[in-house]
Amino acid sequence: MENIRNFCIIAHIDHGKSTLSDRLLEVTGTIEKREMKEQLLDTMDLERERGITIKMTPVQMRYQNYTLNLIDTPGHVDFAYEVSRSLAAVEGAVLLVDATQGVQAQTLTNLYFALEQDLEIIPVLNKIDLPNADVEKVKKEVVHILGCREDEILAVSGKTGAGVEELLEEIIKKVPAPKGKIKDYETGEPEPLRALIFDSVYDSYKGVLAYVRIVDGEITKKDNLHMLMTKGESNVVELGHFAPKYVPCDKLSAGDIGYIATGFKSVKECKVGDTITLVKTHKSKVENKKSKVDNNPYGDINPLPGYAEVQPMVYASFYPVDGGEYNVMRDALDKLTLNDGAFTFEPESNQALGRGFRCGFLGLLHLEIIQARLDREFGLQPTITTPSVVYRVHKSGTDEIVDIYSPTELPDASQISMIEEPYVKLEIITPAKYLGSVMELMGTTRAEYKSTDYIDSERVQLVFEAPSMEVIVDFHDQLKSVSSGYASMSYEPIDYRTSDLVRIDILVAGDRVDAFSRIIPREKAMSEGKIIVNKLKDILPRQNFAVAIQAAIGAKIIARATLSAFRKDVTAGLYGGDITRKRKLLEKQKKGKKRMAQGGKVEIPAEAFLKVLRK
């Protein structure tokens with residue numbers, strides 16, 4: 001164990017975590033040069049296409065007789081939960097800062113996560129090979145937030161490999177060895193196994209693969225597993241570590257990071273944050289405890305601190321287009337929750353859309369990733385309702401408070417005495433020259449300004465308190481737009497506050513489309529209604545009859561647009577003759593279109609639901 005070092009790389013999005021991981025794998029000889037490709041640890045097609053890390057990825061390296069276990073983490077604010085889980089499995093963190101962009105909002109958020117876990121922090125500047133890198137200035141920023149000395153900050157290039165060997169030496173020197181025990185030092189008896197599940201994936205042949213950090217004891221291929229939380233029991237199908245592919249081995253001991261193929265077919269039996277122990281140890285320890293009349297249900301074995309249940313920031317409902325796909329979608333969502341601890345879902349039904357699932361996400365990017373994975377991995381393209389946060393409705397005349405997850409659940413206005421919506425603390429870091437543009441953008445939202453802090457002469461940290469709905473839907477894209485891509489943001493929930501809100505319903509060809517309903521501030525209702533109907537006019541495919549698109553509050557129509565019909569040239573076959581012949585055919589066509597409009601239905605494509613959200 002003295003020669004094991006467990007660490008992860010944390011940074012803001014696009015600061016070069018995955019590229020630096022590539023160089024570490026190359027320098028340590030974990031991957032041969034002929035097998036090397038860019039962003040090797042980003043295994044999903046979606047990660048490669050978007051250029052972002054979505055899932056944390058563990059890998060084991062060997063360097064100078066040391067075993068180095070690295071976990072590459074995501075940087076986007078929507079995947080902060082992945083970062084918090086990886087930090088619980090390691091003793092050290094490499095804090096990576098882009099030498100061209102400096103400290104960003106998510107850099108600070110991830111740093112606070114690491115400090116809470118009491119990890120050893122190694123500050124590193126990346127991209128020093130770029131011509132616009134300002135190493136000295138960014139070093140001063142890191143000193144300002146971390147309180148370290150300038151000579152403790154390493155400068156590396158993930159692209160060229162400069163400084164990577166020095167970083168490996170620093171990791172070996174500074175990151176402490178794991179503290180667990182394989183045997184009891186006094187009696188020499190084996191220490192009971194305790195392994196923390198920090199991630200998991202589903203394999204159709206081996207069942208659930210639990211990614212674990214062995215804290216105490218050891219496990220071999222002959223052992224039987226016991227889950228302390230779920231009480232599930234199973235045989236070990238396979239053990240191994242990551243290189244970065246699965247490499248089977250005979251045993252995993254205290255301090256190791258690896259995987260255990262559990263053989264569980266149900267995702268409910270093997271949850272992220274659970275503690276794995278062995279069946280024989282668990283039973284003997286429980287018997288001992290029973291004889292001592294103790295209330296600890298786990299016997300002598302105390303479960304490891306797991307993870308706080310993540311609270312979704314935004315909810316949207318997924319409905320299968322074909323009702324027969326309901327069970328297929330449930331199984332698909334089950335498998336996605338196993339692989340993504342921040343994603344939650346539960347069944348619900350709707351009069352118009354049928355049976356579906358209410359899903360919880362950390363943000364809109366998270367929702368888009370889940371939607372794309374459903375399409376690619378399972379071939380499902382669900383109808384998606386407008387994303388919404390959880391509102392609290394106080395009913396008039398009673399003390400009853402109801403949580404509203406979807407706009408369609410909102411009671412009639414006569415039954416409501418007050419509506420509360422969730423607020424977040426929003427931190428924005430921007431170059432000072434974009435301060436005016438950012439403040440102008442904030443003026444279009446309902447955010448409350450709190451404070452300004454100058455990180456240095458050129459960079460400013462702004463703090464606001466804003467309604468969650470203003471931040472999670474499209475704010476990140478707008479912020480990047482007004483700051484030429486230089487500003488960054490992070491947010492965390494704080495409390496609920498009273499607001500004057502109403503529900504807007506959208507009617508297409510006279511039918512209310514529940515998926516487009518949304519709850520918005522009363523003063524923005526007219527303008528939002530116009531924006532939505534005009535956008536739908538551009539998005540929806542044209543029909544053979546004119547389609548009325550309307551926005552309404554209750555029975556009052558507040559905005560309307562008309563989607564014009566296709567027009568077939570019914571007079572094309574005429575040659576000469578009286579004008580009345582043309583008029584007769586055109587009148588006949590007009591009557592046909594009128595009949596169509598009375599009973600015609602409009603099919604709304606799946607992509608329209610997310611396009612409507614984009615501003």
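Values below: all heavy atoms of this structure, side chains included; hydrogens, waters and symmetry mates excluded. Owing to the predicted nature of the structure, the values given are computational and were not obtained by experimental measurement.
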Residues in salt bridge (Lys or Arg N to Asp or Glu O under 4.0 Å) with E152, at least two apart?
R149
Spacing of F7 atom CZ and I172 atom CD1 [to the nearest 0.5 Å]:
9.0 Å
Is it the case that the side chain of S200 and the backbone of L209 share a donor-acceptor pair, with hydrogens and angles ignored and the cut-off at 3.5 Å?
no
Residue set satisfying salt bridge (Lys or Arg N to Asp or Glu O under 4.0 Å) with K425, at least two apart, ordered chain then number -> E427
Residue pairs fulfilling salt bridge (charged side-chain N to carboxylate O under 4.0 Å, His left out) with at least one residue in residues 208-220, sequence neighbours excluded
E91-R213, R194-D216, E218-K251
Give a yes or no on this: more than 12 heavy atoms of other residues, nucleotides or ligands lie within 6.0 Å of atom CD of E2.
no
Return the set of residues passing side chain to side chain contact (heavy atoms under 4.5 Å, CB included) with N3 (not counting sequence neighbours), or none when no residue passes.
N65, Y66
C148 and I153: CA distance, side-chain angles, deciding distance, side-chain contact (heavy atoms from CB on, under 4.5 Å) verdict
CA-CA 8 Å; C148 60; I153 303 169; 4.0 Å; yes
Mark yes or no for whether N224, through its side chain, and L278, through its backbone, hold a donor-acceptor pair below 3.5 Å.
no
Do I370 and F343 come within less than 4.5 Å of each other through their side chains, counting heavy atoms only?
yes
D256 side-chain N/O to S253 backbone N/O, donor-acceptor pair under 3.5 Å
yes
Identify every side-chain donor-acceptor pair in residues 96-103 under 3.5 Å, counting partners at least two apart or on other chains, and give the distances.
from: D98; atom 1: OD1; to: T100; atom 2: N; distance (Å): 2.8
from: D98; atom 1: OD1; to: T100; atom 2: OG1; distance (Å): 2.7
from: D98; atom 1: OD2; to: T100; atom 2: OG1; distance (Å): 3.3
from: D98; atom 1: OD2; to: Q101; atom 2: NE2; distance (Å): 3.2
from: D98; atom 1: OD2; to: K127; atom 2: NZ; distance (Å): 3.2

List for me each residue that meets salt bridge (Lys or Arg N to Asp or Glu O under 4.0 Å) alongside R5, sequence neighbours excluded, and say none if there are none.
none
With Y315 via ring-ring contact (aromatic ring centres under 6.0 Å, His included) - residues at least two apart:
Y405
Is any side-chain heavy atom of L24 closer than 4.5 Å to one of Y63?
no
Sorted by chain and residue number, the side-chain hydrogen bond (donor to acceptor under 3.5 Å, both in side chains) partners of K174 (sequence neighbours excluded) come out as E170
Under the rule for side chain to side chain contact (heavy atoms under 4.5 Å, CB included), what residues qualify as partners of T67, not counting sequence neighbours?
I4, Q60, R62, N69
Is it the case that the side chain of D223 and the backbone of T220 share a donor-acceptor pair, with hydrogens and angles ignored and the cut-off at 3.5 Å?
yes
Plane angle bin for F361 and F318 - parallel if under 30°, tilted between 30 and 60°, otherwise perpendicular:
tilted
Please verify the inter-ring angle class for Y259 with Y246; under 30° counts as parallel, over 60° as perpendicular, anything in between as tilted.
tilted
side-chain contact (heavy atoms from CB on, under 4.5 Å), that's the test. Do I276 and L228 meet it? Break it down for me.
CA-CA 6 Å; I276 298 179; L228 284 188; over 6 Å; no
If you apply the rule side-chain contact (heavy atoms from CB on, under 4.5 Å), what do you find for L239 with D250, and how did you get there?
CA-CA 7 Å; L239 294 174; D250 292 331; over 6 Å; no
Can a donor-acceptor pair be found between the side chains of D22 and T19 at a distance below 3.5 Å?
no
Taking only residues two or more places apart in sequence or in another chain, which ones pass ring-ring contact (aromatic ring centres under 6.0 Å, His included) with F475?
none
Keeping T28 on the side-chain end and M61 on the backbone end, is there a donor-acceptor pair under 3.5 Å?
no
Please determine if K173 and E169 form a salt bridge, counting it only when a charged side-chain N lies under 4.0 Å from a carboxylate O.
no
Set of residues satisfying salt bridge (Lys or Arg N to Asp or Glu O under 4.0 Å) with respect to K206, sequence neighbours excluded
E238
With sequence neighbours excluded, tell me which residues meet ring-ring contact (aromatic ring centres under 6.0 Å, His included) with Y326.
F357
Any sub-3.5 Å donor-acceptor pair from S468's side-chain atoms to P422's backbone N or O?
yes
Could you walk me through whether L336 and F378 pass the side-chain contact (heavy atoms from CB on, under 4.5 Å) check?
CA-CA 10 Å; L336 288 179; F378 305 99; 4.2 Å; yes
Any carboxylate oxygen within less than 4.0 angstrom of a Lys/Arg side-chain nitrogen, looking at E150 and K139?
no
